[in-house]
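In what follows, a structure is listed as structure tokens, so that the remarks can point back to it.
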Amino acid sequence: MSRLIDQVRAWQLRPGTLHRCCQIIPELDVLTWLHYNHWQPRSYWSDREQRLEIGGIGSAIQFQAHSADDFASLLSRAHELAAQASSSLICAFAFDEAPGRAHWQGFPAALALLPAVEIRREKGTLRLAANLFAMTEDELALQRRELISLLNKLIPVSSEDYLDSGVEVVQRLDELDYGSCKAHISDILSEISQGDIHKAVLARQVELRLAGKLSPFATLRRWQQISPGSFSFAIEHADRVFMGCSPERLFRRDGRDVLTESLAGTVRRGETPDEDLKLEESLRNDSKLVREHDWVTRYIEGELAPWVVSTSAPQKAGVLKLDRIQHRHLPIRAKLKEHVGDLELLRALHPTPAVCGFPRHAAHDLITRHESVQRGWYSGVIGVVSPHSSELAVAIRSALVAEDRAWCYSGVGIVEGSDPEAEWQELEAKIESFLAAVEG
């Protein structure tokens, strides 16, 4: 640590240029480190294959967007800074591409940040890095003092360090009850029957009142263990933490090579291996679920078409198994045209049919008319960006936490033949893993 601090002390002003230094450190659990080092804002990202894990404290610099018109500038500046750092910036985009309201107050339409201090695990190596960005001598002096102070305060952790075991839920407030949900589904099915909309996604919010303050990063660690094979993320902003364990990739880009996926059709997991296999067979063969998934696949390929020179996908969909539910899943690979990047992919793929529906604009209009909850960053996009490679996940299976309160979210895709009782059970199944993580 002393070597890192000496390097920070030696930095001289280079206006508009990022200062960064790093060193290899011994193995530790990044979420445990964030739990004990509770200086705001904290941030976290881990991809589904565990290729990259980032835990951040503080903010060397962040960019905010207040509408979709600002996304190009935000991504351009994020790429420029990431190139200087030879790193990635953590970023998030709202579902509605608009600033938050109500308990999302203070959350912008999009945010990209580089932590002041970060732990980054990549290719099996763990590094601690310090970042600083200043335009004037005064800014450099102030931020250097704050960065050195933060580095001196860091608490070392080990795998034996205790994490709290959760808190009790003392009250649950459902924004949508079964009767209201059934009525909404009936209305949506009526519009679908007119032929202009094939699918619309209905979301609900559940507010939890807790017996004590919830430790977000300890909770995320439990949630991660319950939901292996998920994208794990957290961003602390406006005195709240948005976090989740999402099963769905929006896209991964390595140079011009892109990997995305069609994820649609849902059944629960079985209580026994035999029951689970029977449910999997229904997922593979049920005409409603097959039709829904085929629509999503065709839609994604159509949205990608203007931006790519080729696409490829397996002939048959597979099954993605999670802790409580399982989905039909099809990976889609593509090669981008020259000068096409994250902005074009974001505009083409977000929001996905899994969180909005299709056709996109008609489904979004229907959602606006039927949903009373503001989604904020739920069902938006979250991940990491850099010029050479980026990975963004769809921010589902997520929650917003503020001390002794939490708001969790779930959604279901309504298509022709949807059964309100089955859809209600799916809404409940999608928040069960978070509830289990909260109470430990």
Side-chain angles (χ1 to χ4, degrees), residues 1-8 18-62 78 81-82 84-92 111-133 143 146-163 215-225 230-237 241-245 382-386 389-391 393:
M1 184 67 72
S2 60
R3 184 172 65 85
L4 209 63
I5 291 173
D6 288 343
Q7 288 180 270
V8 173
L18 178 76
H19 295 272
R20 179 179 175 88
C21 58
C22 62
Q23 65 181 47
I24 295 175
I25 60 172
E27 181 60 33
L28 57 79
D29 183 89
V30 178
L31 285 170
T32 302
W33 181 76
L34 288 168
H35 171 73
Y36 281 102
N37 291 281
H38 45 76
W39 294 280
Q40 298 184 14
R42 291 166 292 177
S43 50
Y44 179 79
W45 166 260
S46 177
D47 64 58
R48 198 161 63 189
E49 291 82 16
Q50 299 181 328
R51 300 161 78 227
L52 175 65
E53 183 181 27
I54 299 173
I57 300 175
S59 175
I61 189 169
Q62 63 173 255
L81 200 67
Q84 292 184 31
S86 299
S87 185
S88 309
L89 268 68
I90 297 174
C91 61
L111 180 146
L113 69 90
L114 181 69
V117 175
E118 63 177 311
I119 287 182
R120 181 183 179 100
R121 187 195 311 275
E122 193 170 19
K123 297 179 181 179
T125 301
L126 207 61
R127 288 181 171 86
L128 176 68
N131 300 305
L132 188 152
F133 186 90
Q143 292 180 35
E146 292 176 345
L147 182 55
I148 291 172
S149 174
L150 178 55
L151 289 168
N152 277 318
K153 289 190 296 186
L154 289 179
I155 300 170
V157 299
S158 71
S159 57
E160 287 76 36
D161 280 313
Y162 171 77
L163 289 175
S215 300
F217 292 92
T219 304
L220 183 57
R221 190 172 187 271
R222 291 192 295 272
W223 197 354
Q224 193 179 65
Q225 292 169 341
S230 295
F231 297 94
S232 302
F233 56 85
I235 293 182
E236 194 164 28
H237 188 78
V241 178
F242 177 61
M243 64 184 193
C245 286
I382 196 161
V384 290
V385 299
S386 78
S389 64
S390 298
E391 182 151 34

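Along the sequence shown, residues carry numbers from 1.
Residues L132 and L18 are not in side-chain contact: their nearest non-hydrogen atoms beyond the backbone lie 4.5 Å or more apart. Within the 4.5 Å cutoff, the side chain of T125 has heavy atoms near those of the R127 side chain. Side-chain contact between S230 and Q224 is absent, with no heavy-atom pair separated by less than 4.5 Å. Using a 4.5 Å cut-off on side-chain heavy atoms (C-beta onward), I5 and N152 make contact. Contact check for L113 versus I235: side-chain heavy atoms found under the 4.5 Å cut-off. S87 is listed as a side-chain neighbour of R120, based on a closest heavy-atom distance under 4.5 Å. Residues I54 and V384 have side chains in contact (heavy-atom distance under 4.5 Å, counting atoms from C-beta outward). Side-chain atoms of Q143 and H19, non-hydrogen and from C-beta on, never get closer than 4.5 Å to each other.
Note: S232 OG to Q50 CD = 8.5 Å, rounded to the nearest 0.5 Å. Taking CG from L114 and CD1 from I90, the interatomic distance works out to 8.5 Å, rounded to the nearest 0.5 Å. The CD1 atom of I57 lies 11.0 Å from the CD atom of Q40; values are rounded to the nearest 0.5 Å. Atom CG of N131 sits about 8.0 Å away from atom SG of C21, to the nearest 0.5 Å. Here CG of L4 is found 10.0 Å from CD1 of I25. Values are rounded to the nearest 0.5 Å. For the atom pair CG (L151) and CG (L128), the distance works out to 7.0 Å, reported to the nearest 0.5 Å.
Across K153 and N37, no two heavy atoms sit closer than the pair O-OD1, 4.1 Å. The minimum heavy-atom distance linking V8 with A130 is given by the pair CG2-CB, 4.2 Å. Across L34 and S43, no two heavy atoms sit closer than the pair CD1-O, 3.6 Å. Contact between S88 and L52 at its shortest, heavy atoms only, is OG-CD2, 4.4 Å. Across all their heavy atoms, L220 and A234 have their closest contact at CD2-CB, 3.9 Å.
Looking only at distances, a side-chain donor or acceptor of E236 sits under 3.5 Å from a matching main-chain atom of R42. With hydrogens and angles ignored, the 3.5 Å screen pairs a side-chain donor or acceptor of S386 with a backbone N or O of S389.
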Residue pair E118, R20: steps toward the side chain to side chain contact (heavy atoms under 4.5 Å, CB included) verdict: CA-CA 11 Å; E118 63 177 311; R20 179 179 175 88; 2.6 Å; yes
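Among pairs with a residue in residues 21-48, those fulfilling ring pair (Phe, Tyr, Trp, His ring centres under 6.0 Å) read W45-F231, at least two apart in sequence or across chains.
For Q225, the side chain to side chain contact (heavy atoms under 4.5 Å, CB included) partners two or more places apart in sequence, or in a different chain, are R221. Take R51 and apply the side chain to side chain contact (heavy atoms under 4.5 Å, CB included) test, not counting sequence neighbours, and it matches D47, E49, R252, D254, E391.
Counted within 6.0 Å of CD on E122, heavy atoms from surrounding residues, nucleotides or ligands total more than 12; the atom is thus considered enclosed.
Ion pairing of E27 with R121 is present here, as a side-chain N (NZ or NE/NH1/NH2) and a carboxylate O approach within less than 4.0 Å.
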